[in-house]
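First comes the structure, then the notes that go with it.
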Amino acid sequence: SVAGCHIIKVTVACRIAFPDWAYKPESSPGSRQIQLWHFILELLQKEEYQNVIAWQGDYGEFVIKDPDEVARLWGIRKCKPHMNYDKLSRALRYYYNKRILHKTKGKRFTYKFNFSKVVLVNYPLLEMANSPFLLAQNHFNESNFLKLFRVLLILS
DNA sequence: GGCGGAAGAC
DNA sequence: GTCTTCCGCC
């Protein structure tokens, strides 16, 4: 752990640094229960939910296009049949202090992941060396963002 | 809609 | 600890 980031060795040739909040050891308690931000990323990853929730605007920014449906799906996952957007959004607001999310002010149903710290350390694998996976120090486009998250989701 | 306190489930 | 539930406030 360096400067609020964890460095994870993905393979012998690739290391990734990302914020502490994105890192959870397998042995940590509660790791069996899905977390809301994992679930949000899971939906964002699937094209079939583009009309429900989608990346939009700035990098890491997403819009909940159908709040009732997102709440319904979250309720199903957590076996909470009375889940609604009012309650789900309270859970999202708890992420503000944890610096996992923040609100995009003025944009309805729009939140943003705090991913400014995410960087690739060292060189990625050879087949990745010329791919968009090679990230800039503090910025990356949406394509890189999604690819990185596929890795993070595999790790988690 | 969005915010955050308070209490409680697990 | 991570939400879930409820709610007063803006």
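Values below: every heavy atom of this structure, side chains too, minus hydrogens, waters and symmetry copies. Here is how names work: the chains are called A, B, and so on, in the same order as the sequence lines, proteins then strands, and each is numbered from 1.
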Review point. Using a cut-off of less than 4.0 Å, is there contact between a side-chain N or O of A/Tyr95 and OP1 or OP2 of C/dC3?
Key: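 Looking at the OP1 and OP2 atoms of C/dC3, one of them is under 4.0 Å from a side-chain N or O of A/Tyr95.
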
Review point. For the base of B/dG1, is there a side-chain donor-acceptor partner from A/Arg108 under 3.5 Å away?
Key: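 Counting by modelled atom types and ignoring angles, no donor-acceptor contact under 3.5 Å is found here.
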
Exercise for review: Please state whether the base of B/dG4 and the side chain of A/Arg90 form at least one donor-acceptor pair under 3.5 Å?
Suggested key: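 Yes.
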
Revision key, fill the gap. Between A/Arg93 and A/Lys78, whichever has its closest DNA chain C nucleotide further toward 5' is A/Lys78

Practice item. Classify the ring geometry between A/Phe39 and A/Trp74 as parallel (under 30°), tilted (30 to 60°) or perpendicular (over 60°). Key: tilted

Exercise for review: Kindly assign one of parallel, tilted or perpendicular to the pair A/Phe62 and A/Tyr111, based on the angle between their ring planes and the thresholds 30° and 60°.
Suggested key: parallel

Pick base, sugar-phosphate or nothing for [X], based on heavy-atom distances below 4.0 Å to the nucleic acid.
X	result
A/Phe39	nothing
A/Leu88	nothing
A/Lys105	nothing
A/Lys80	sugar-phosphate

**Study point:** 5' precedence on DNA chain B between A/Asn97 and A/Lys107 (nearest-nucleotide basis)
**Key:** A/Lys107

Practice item. May I ask you to check if A/Arg90 and A/Tyr94 form a cation-pi contact, with NZ or CZ under 6.0 angstrom from the six-membered ring centre and within 45° of the axis? Key: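 Yes, a cation-pi geometry.
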
Exercise for review: Could you please name the option among C/dC7, C/dC3, B/dG1 that lies closest to any side-chain atom of A/Tyr85?
Suggested key: B/dG1

Practice item. Output the single nucleotide from C/dT2, B/dA6, B/dG2 whose closest atom is nearest the side chain of A/Phe109. Key: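 For the A/Phe109 side chain, the nearest candidate turns out to be B/dG2.
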
Point to revise | Under-4.0 Å salt bridge between A/Glu61 and A/Lys103 | key: no

